[in-house]
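Given the structure is predicted, the values throughout are model-derived calculations rather than measurements. By convention in this document, chain letters (A, B, ...) are assigned in the order of the sequence lines, proteins followed by strands, and residues within each chain are numbered from 1.
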Amino acid sequence: MAKYDFKKIEKKWQKEWERQSIGKAVDFSKKKKWYSLIEFPYPSGQGLHIGHIRSLTAMDIISRKRRMEGYNVLYPIGWDAFGLPTENYAIKTGVDPRVATKKNTDTFRKQLKGLGFSFDWSREVNTTDPKYYRWTQWLFLQFFKKGLAYKAEIDINWCPNDKIGLANEEVIGGKCERCGAEVEKRKKAQWMLKITAYADKLLKGLEKVDYLDEIKAQQINWIGKSEGALIDFELPDASYKIQVFTTRPDTLFGATYLVLAPEHELVAKLKNHISNFKEVEAYVKTARKETEEERTAENKEKTGVELKGVKAVNPATGGELPVWIADYVLAEYGTGAIMAVPAHDERDYDFAKKFNLPVTYVIAPYFLDEKDPPRKGMPMVFRKAVNCYIKNPKTGKYLFLEWKATSWKGPVSGGIEEGEDAVGASLREIREETGYTHLRFKRYLGSPIRADFYHPAKKENRAAEFIGLLFELEDETREAVEDGERDRHVPVWIPEEEALKFLNTGMTFFERIFEHNLCYTDGGRLVNSGKFSDMDSEKAKGEITKFVGGKKTVNYHLRDWVFSRQRYWGEPIPIIHCEKCGYVPVPENNLPVVLPSVKNYQPRDDGESPLASVSSWVNVKCPKCKNPAKRETDTMPNWAGSSWYFLRYADPKNSKEFASMKKLNYWMPIDWYNGGMEHVTLHLLYSRFWNIFLHDQGLVPTSEPYRKRTAQGMILGEGGVKMSKSKGNVVNPDTIVHAYGADVARIYEMFMGPFDRAIAWDAKGIEGVKRFLWRVWDIARGEKISRTKNEKLEKLLAATVKKVGEDIEKMAFHTAVSAMMIFINAAGDEEIIPVRVWSDFLKILAPFAPHLADELWYELKNKKSVHLESWPAYDPKLLKEDTVEIVVQVNGKRRGSVFAAADAGEDEVKKAALGLPNVAAALGGAAVKKVVYVKGRIINLVM
RNA sequence: GGCCAGGUGGCGGAAUUGGCAGACGCACAGGACUCAAAAUCCUGUAAUCGCAAGGUUGUGCGGGUUCAAGUCCCGCCCUGGCCACCA
């Protein structure tokens, strides 16, 4: 038997497909278009990564299936070739990045072709090609013209090791994403893209696209929209006011101080009013020096300084509030100033505790008694009441009342009478109900609790506001308890653990005794809030904002995109600085601004790009006034070229436009985009931003570029850790392809596990896939394929075609492969395989194992490639079985099974079921009370 | 701390969305072929009791709903990803 010589076969078909242009996408074809996209790879010196194959194979399978379904498919490839590794390599070795990139892309191209991907190679793009980045620069100028590209003096994240400014997104936990060095702050004029102007459109656009839910969630989180209010606090002694942003205007009555970010402009302006300005200045200085890491470190103790001599007025209460500066308030978010409500905000609470600032509770959690809710027509009585918890420090036990009638245990409690305060009322209630007289008040137990219920004894509805208090027993001195009280309940001392058990009702202060943080951050009913008291907190947000003349507003976490890099290997920003004219765009006919050759790729110690040293390139004439001027020496970030590459694929050779509207109209939007989860915030957001912007300019046909977006799971090294050179656990795809062939490599990556989940590489499993394909090969030459019928295989094939087709659409490739394995295992057992059945099997195998499928296809004397065939249909009638096995259960437990016609009635099946000896034994003569029969599946006999 | 996934044999993982838990593959064990090995093929493989027929237990833990729960509800525990002093 001829051996399956995959090396020869795969090479043969790869050549043949290239000759026949199997992957060619035809502009303006009459067929329906389909655009599949994968994230174009960064051509690193290490060559293709095993992880690339997963995503590329998945979209190759989908693209090949679409072609068979009659679509005109665009499945393009290119190189995202600007980037730090190549530049760092240039710095180290002096090798021109262009040379390294050429070498790397050649390697990648060869590897990808060796895997049999059906790309349209005629549309290959390369972000470092001046013919490409000419248009990246042109697109930047469109942003500039609309005022969406601007230069700003900002604090940038500076990596002292890479000597490069980093976008916020490239700082991970205060460290440089690339090299891990501690990031510093540095002021620098940077080009910015105003992505924040598109925050709402980026959010809205998500509603109409089909992205995985987790991808949408991450984008929504990243944009971080929050609705709130701007509220002004007057500073009566100075003629300034402090504007704060808050999402909780309902807590305004509980604001007990204000906090400014250390960088807030008012700090300097208030200098003359601040009596401790030296201290303040010193604090500002340290705060500025701190790295992001230090400033945001977990569990960091709150720090801050009061602006002594400055007082603000709470516009709701008229009360005077101290003003502080503290680094827990961020200058870049909101107004850089907050109103602090320690009772209802964790951070403010921590700060208030540390600096001994007052805590005023204004929101009470609200409970409606479900067992005894307020009744219609009954009067509603509002009462303030106390819940008293008394600890005996000698025994550690707590005092409760056990009610004689119900044996229900609860705290000493009662209403606050006219003229009493909570502590006074408590002492009175404790004395009356338990007799203890010597108690020390310890503290309040957090926010009050509001509850509405019906009081059956008093025949009235109650709206109660409970206040929790903790007391300690000083000594055991007791008075006699009145008869009336003594008849109803007895005082009992109970240890903590036991009390926690019976008080587990949700409406108790007791747990709060053991909590150090008594801040309540949820909604509820307002208390201590003047005329707003008892209002629902959601409603109060609007009402209180209106009351103090505040303004409803929306804030985003999303920040503008820092678009400057002081690096060599990127697109030069096409701007000329002229003293007279300012920032002047390079005229369009002078594009591209080509990267000049340099001797030294190292960024300069002054933080400028190496381009700044090329004076012949830097010094130019102003395009407007012709006076001497200088080129911008910053380059664009890595993300620039990838923000629009999918548009270029539609029209990759166009020298007049970035892409013609006509072609974009035909190809856009992308029907299915698959890539890594690591790119679903930044790259996806940036490229959507560019596309939406270009759509607004009338330059692209759709607002959203991607109709559907999915993501594959990462392939990890053996043992479940990330593959990396340093760990030495990198699997080279070439080894697999050489040892097993491209088809095995492709299928194995699909078969390893669910496509969207991370999975550890395990070389052992690959043998199973090899056996599967070799079995296919062996069956093909086993002289079984004939014109004779085989009903069993025909039925199985129909089910397999259905399953494989549906699984591909769900990206459940592993179960699709499993279904084909089941088919092959069955086919191996059969004497006869009808030609039609075998043909159809090869068709569904073709997207997965394109080489083997085509080889076997031509063996069937076909004249054209299997990849030009149509995707097989199946006869739904073949999926229906006439006779089915019905599981028989007794009381839900399996006791056997019976075979019956698929549409058999209950009586018939029941009779057959009762005939089973096991069933009779399980019933033991007992009568069947109930029968549950699910047609074609199960019958359950209930005794 | 927030958001999102996920927890099923020795391992990767299936389970038509409430209807036979463990498909398919790996690994392992036994057998066939072979002088032998590899390859290939056949058989077995959740745990447990039993010679067997068969029984019992079993999908992270504790409750609940249901004739029936891996799947639904309530309360926890653990793992992974992203974000994180965003007011």
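Other residues, nucleotides and ligands contribute only 12 or fewer heavy atoms inside 6.0 Å of the NZ atom of A:K802.
In this structure, A:Y328 does not reach the B:A87 phosphate: none of its side-chain N or O atoms is under 4.0 Å from OP1 or OP2. Checking the phosphate oxygens (OP1, OP2) of B:G25, no side-chain nitrogen or oxygen of A:H814 falls inside 4.0 Å. Contact check, A:T815 against B:A23: no side-chain N or O comes under 4.0 Å of OP1 or OP2. Proximity of A:R895 to the phosphate of B:G55: a side-chain N or O atom is located under 4.0 Å from OP1 or OP2. At B:U57, one or more side-chain N or O atoms of A:K893 fall inside 4.0 Å of OP1 or OP2 (strictly under the cut-off). OP1 and OP2 of B:A27 both lie 4.0 Å or more from every side-chain N or O belonging to A:K764.
Distance check on atom P: B:U65 versus B:C73 gives 15 Å, rounded to whole Å. When the C1' atom is compared between B:A69 and B:U17, the two are found 12 Å apart, to the nearest whole Å. With P as the reference atom, B:A14 and B:G7 are 9 Å apart, rounded to whole Å. When the P atom is used for both B:U79 and B:A37, the distance is 48 Å, rounded to whole Å. As rounded to the nearest Å, B:A21 and B:G70 have C1' atoms that lie 7 Å from one another. With P as the reference atom, B:C49 and B:A53 are 16 Å apart, rounded to whole Å. Across the C1' atoms, B:G10 and B:G22 are found 14 Å apart, a figure rounded to whole Å. As rounded to the nearest Å, B:G30 and B:C78 have C1' atoms that lie 39 Å from one another.
Base orientation of B:G9: syn (glycosidic angle within 90° of 0). A syn orientation is assigned to B:U17, its glycosidic angle lying within 90° of 0.
Using a 4.0 Å heavy-atom cutoff across all strands shown, A:N825 reaches sugar-phosphate atoms only and no base atom. A:E885 comes within contact range of at least one nucleobase, with a heavy-atom separation under 4.0 Å. Note on A:S226: only backbone sugar-phosphate atoms sit closer than 4.0 angstrom, heavy atoms only; bases stay farther off. Looking at heavy-atom distances under 4.0 Å, A:F751 makes contact with a base. The residue A:I759 sits close only to the backbone: its heavy atoms come under 4.0 Å of sugar-phosphate atoms, none of a base.
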Using a cut-off of under 3.5 Å, enumerate the N/O to N/O pairs linking the protein to nucleotides 40-43 of chain B.
from, atom 1, to, atom 2, distance (Å)
B:U40, OP1, A:R771, NE, 3.4
B:C41, OP1, A:R775, NE, 3.1

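Checking each of A:R709, A:E214, A:R688 against A:Q219 for a side chain to side chain donor-acceptor pair (under 3.5 Å) leaves exactly one that passes, namely A:R688. Each of A:T521, A:V359, A:I363, A:D250 was scored for a side chain to side chain contact (heavy atoms under 4.5 Å, CB included) with A:H344, with one residue passing: A:I363.
Pairing partner, B:U71: none, since no Watson-Crick or wobble contact has both distances short of 3.5 Å. The partner of B:G50 is absent, by the rule that a Watson-Crick or G-U pair needs both atom distances under 3.5 Å. B:G9 is unpaired under the criterion used here, namely a Watson-Crick or G-U wobble arrangement in which both key atom distances are under 3.5 Å. Pairing of B:C85, defined by two Watson-Crick or G-U wobble distances under 3.5 Å, is not identified with any nucleotide. Pairing of B:G80, defined by two Watson-Crick or G-U wobble distances under 3.5 Å, is identified with B:C4. The base-pairing partner of B:U16, taking Watson-Crick or G-U wobble contacts with both distances under 3.5 Å, does not exist among the strands shown. In this structure B:A29 sits in a base pair with B:U43, meeting the Watson-Crick or G-U test at under 3.5 Å. The nucleotide B:A36 finds no pairing partner, because no Watson-Crick or G-U wobble arrangement with both distances shorter than 3.5 Å includes it.
Contact check for A:Y211 versus A:L206: side-chain heavy atoms found under the 4.5 Å cut-off. Residues A:D907 and A:Y933 have side chains not in contact (no heavy-atom distance under 4.5 Å, counting atoms from C-beta outward). Looking at heavy atoms from C-beta onward, A:H683 lies in side-chain contact with A:W639 at the 4.5 angstrom threshold.
Scanning residues 934-943 of chain A for heavy-atom distances under 4.0 Å to RNA chain B yields A:V934, A:R937, A:I938, A:N940, A:V942.
Within the 3.5 Å criterion, the main-chain N or O of A:Y740 finds no donor-acceptor partner in the side chain of A:K770. No donor-acceptor pair closer than 3.5 Å links the side chain of A:N918 to the backbone N or O of A:G896. Between the A:Y283 side chain and the A:A326 main chain, no donor and acceptor come within less than 3.5 Å of each other. Between the side chain of A:T335 and the backbone N or O of A:Q243, at least one donor-acceptor pair lies under 3.5 Å.
The shortest non-hydrogen separation linking A:L202 to A:L685 is CD2-O, 3.9 Å. Taking both residues in full, the closest heavy atoms of A:L796 and A:F823 are given as CD2-CA, 3.8 Å, listed atom of the first, atom of the second, then distance. Of all heavy-atom pairs between A:R54 and A:M750, the closest is O-CE, 3.3 Å.
Remark: P of B:C67 and CD of A:Q889 are 13 Å apart, rounded to the nearest angstrom. Atoms CD (A:E806) and P (B:U17) sit 11 Å apart, rounded to a whole Å. One interatomic measurement links the two molecules: CE of A:M752 to P of B:A14, which rounds to 13 Å at whole-angstrom precision. The separation between A:I886 atom CD1 and B:C67 atom P is 21 Å, rounded to whole Å. In this structure, A:L916 atom CG and B:A53 atom C1' are separated by 15 Å, rounded to whole Å. Look at CZ on A:F823: it is 16 Å from P on B:C24, rounded to the nearest Å.
Ion pair A:E538/A:K541 flagged as a salt bridge, since at least one NZ, NE, NH1 or NH2 atom sits closer than 4.0 Å to an Asp/Glu carboxylate oxygen.
At a cut-off of 3.5 angstrom, the base of B:C85 holds at least one donor-acceptor pair with the side chain of A:K302.
Toward the 5' end of RNA chain B, the nearer of the two residues A:K810 and A:G768, judged by each one's closest nucleotide, is A:K810.
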Self-check item: Protein-to-nucleotide contact annotation, 5' to 3' order, nucleotides 2-9 of chain B [B base; S sugar-phosphate only; - none; under 4.0 Å, heavy atom]
Solution: -SS-S---
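Note that A:K302 lies outside the cation-pi zone of A:F351, set by a 6.0 Å cut-off to the ring centre and a 45° limit from the axis.
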